[in-house]
Amino acid sequence: MKITILAVGKVKEGFYRQAIEEFEKRLGRYCKLEIIEVADEKTPDGASRVQKMQILEKEGLRLSKYLREDAWVCALAIDGKMLDSVELSMQLEQLGISGISHIQFVIGGSLGLSDFILKRADYKLSFSKMTFPHQLMRVILLEQVYRGYKIMMKEPYHK
């Protein structure tokens with residue numbers, strides 16, 4: 001299975017990078033992992049609704065260049081479906097059984113994801129009704145994918 005994380009913005013803090021690198025290493029035994037970053041747009045203070053829509057569109061266009069027709073696309077969205085770790089593991093396993101060989105998770109920037117990215121998604125996943133920094137969300141997603149594989153393989157992992 002190939003898993004690609006498409007994300008808006010770069011990870012700046014070293015501690016996030018260290019965590020990401022650790023989960024990249026751990027996931028290496030279960031899947032082929034690829035992380036693609038696209039540039040984020042600066043959102044001016046007091047940005048209007050129109051400005052925000054333009055920012056989302058620009059970021060969405062950058063992301064769309066990497067979306068594959070043959071991939072199953074999962075957009076991380078606050079209004080998506082919430083799953084527990086076992087349900088996410090079962091979802092990953094079921095995708096593999098059904099012949100899906102490439103999953104793309106898409107993480108938006110500070111404003112989220114554009115409508116056309118959300119419409120392209122095969123699934124919308126929410127980790128919480130809370131808002132998280134996109135850098136932290138990358139770590140959380142990687143940890144949950146790793147946990148999902150550990151559950152799938154019936155291997156122990158701390159709770």
Side-chain angles (χ1 to χ4, degrees), residues 1-41 56 59-114 117-118 120-159:
M1 174 79 67
K2 179 176 181 179
I3 294 184
T4 302
I5 297 178
L6 297 172
V8 174
K10 294 206 176 293
V11 175
K12 296 174 180 99
E13 283 82 6
F15 56 91
Y16 287 138
R17 278 198 308 276
Q18 286 178 323
I20 290 166
E21 288 166 7
E22 179 63 27
F23 285 112
E24 282 181 296
K25 185 173 71 177
R26 291 182 187 189
L27 279 164
R29 18 180 326 224
Y30 302 106
C31 66
K32 183 175 190 252
L33 179 67
E34 173 184 40
I35 298 176
I36 299 171
E37 297 175 334
V38 300
D40 58 341
E41 290 289 316
L56 285 172
E59 292 174 347
L61 283 170
R62 289 183 191 127
L63 288 167
S64 68
K65 292 177 185 173
Y66 296 98
L67 290 176
R68 300 273 315 256
E69 283 300 316
D70 62 341
W72 187 82
V73 177
C74 179
L76 273 60
I78 202 161
D79 65 341
K81 182 168 173 141
M82 284 192 226
L83 302 175
D84 64 27
S85 297
V86 173
E87 290 170 324
L88 178 61
S89 176
M90 290 169 47
Q91 178 85 11
L92 293 172
E93 185 173 29
Q94 189 56 46
L95 288 166
I97 291 169
S98 68
I100 301 293
S101 61
H102 190 184
I103 299 172
Q104 291 184 306
F105 289 98
V106 186
I107 303 173
S110 61
L111 298 176
L113 291 166
S114 67
I117 295 290
L118 293 170
R120 164 56 183 96
D122 297 297
Y123 195 84
K124 291 194 306 186
L125 177 65
S126 174
F127 279 82
S128 172
K129 290 185 186 284
M130 294 181 208
T131 302
F132 296 102
H134 61 274
Q135 296 178 65
L136 177 58
M137 196 65 243
R138 210 175 305 183
V139 175
I140 294 169
L141 174 61
L142 285 168
E143 191 281 333
Q144 284 299 300
V145 170
Y146 175 69
R147 183 180 295 273
Y149 275 107
K150 295 294 270 187
I151 291 168
M152 196 185 316
M153 302 301 183
K154 298 179 179 23
E155 297 173 354
Y157 185 58
H158 64 82
K159 296 185 180 197

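Position 1 is the first residue of the sequence; numbering continues from there.
- When all heavy atoms of G60 and I117 are compared, the closest pair comes out as O-CD1, 3.5 Å.
- With V145 as the fixed residue, the side-chain contact (heavy atoms from CB on, under 4.5 Å) test singles out one of I140, I5, I3: I3.
- At a threshold of 4.5 Å between non-hydrogen side-chain atoms, the residues M82 and K129 count as touching.
- Nearest heavy-atom pair, E24 versus I35, reported as atom, atom and distance to 0.1 Å: OE2-CD1, 3.6 Å.
- Taking OG of S114 as the start and CG of L61 as the end, the distance is 7.5 Å to the nearest 0.5 Å.
- To the nearest 0.5 Å, the span separating OH on Y123 from NZ on K81 amounts to 5.0 Å.
- Here the rule is side-chain contact (heavy atoms from CB on, under 4.5 Å) with L6, and of V73, L67, V38 only L67 fits it.
- The 12-atom threshold is not exceeded at CE of M90, counting heavy atoms of other residues, nucleotides or ligands nearer than 6.0 Å.
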Review item, side-chain donor-acceptor pairs of residues 95-113, under 3.5 Å, at least two apart:
residue: S98; atom: OG; partner: Q94; partner atom: O; Å: 3.2
residue: S98; atom: OG; partner: L95; partner atom: O; Å: 2.9
residue: H102; atom: NE2; partner: T4; partner atom: OG1; Å: 2.7
residue: Q104; atom: OE1; partner: R68; partner atom: N; Å: 3.0
residue: Q104; atom: NE2; partner: Y66; partner atom: O; Å: 2.9

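- Using cut-offs of 30° and 60° for the angle between ring planes, the F23 and Y146 rings count as tilted.
- For the pair K32/M1, no side-chain contact is recorded, criterion being any heavy-atom separation below 4.5 Å from C-beta on.
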>> Run the side chain to side chain contact (heavy atoms under 4.5 Å, CB included) test on K150 and Y30 for me, step by step, so that the C-alpha distance in whole Å, both residues' side-chain angles and the decisive distance to 0.1 Å come before the verdict.
In response: CA-CA 9 Å; K150 295 294 270 187; Y30 302 106; 3.2 Å; yes
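- Listed here is the closest heavy atom pair of L118 and A75: CD2-CB, 3.9 Å.
- Taking each heavy atom of E87 and L83 in turn, the nearest pair found is OE1-CA, 3.3 Å.
- Atom CZ of R147 is separated from atom CG of D84 by 11.0 Å, given to the nearest 0.5 angstrom.
- Ion pair R29/E155 flagged as a salt bridge, since at least one NZ, NE, NH1 or NH2 atom sits closer than 4.0 Å to an Asp/Glu carboxylate oxygen.
- Between K25 and E21, no side-chain nitrogen of the basic residue sits less than 4.0 Å from a carboxylate oxygen of the acidic one, so the salt-bridge criterion is not met.
- Considering only residues two or more places apart in sequence or on other chains, S85 meets the side chain to side chain donor-acceptor pair (under 3.5 Å) condition with Q144.
- Note on K124 versus D122: no salt bridge recorded, every NZ/NE/NH1/NH2 to OD/OE distance being 4.0 Å or above.
- Side-chain atoms of E59 come within 3.5 Å of backbone N or O of E41 as a donor-acceptor pair.
- Summarising the geometry, atom CD belonging to E13 is positioned 10.0 Å from atom CD1 belonging to I20; distances are rounded to the nearest 0.5 Å.
- A salt bridge links R26 with E22: the distance from a Lys NZ or Arg NE/NH1/NH2 to an Asp or Glu carboxylate oxygen falls below 4.0 Å.
- In summary, E37 and R138 engage in a salt bridge, as defined by a charged side-chain N under 4.0 Å from a carboxylate O.
- To the nearest 0.5 Å, atoms CG (L56) and CG (L63) are separated by 10.5 Å.
- Taking E34 as the reference, K2 meet the salt bridge (Lys or Arg N to Asp or Glu O under 4.0 Å) condition, with sequence neighbours excluded.
- Using a 4.5 Å cut-off on side-chain heavy atoms (C-beta onward), Q91 and W72 make contact.
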> Checking side chain to side chain contact (heavy atoms under 4.5 Å, CB included) for the pair C31/Y149: CA distance, chi angles, key distance, verdict?
Replying inline: CA-CA 9 Å; C31 66; Y149 275 107; 3.7 Å; yes
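- Here the closest non-hydrogen pair linking S126 and A77 is CB-O, 3.1 Å.
- How far CD1 of I151 is from CG of L88: 8.0 Å, rounded to the nearest 0.5 Å.
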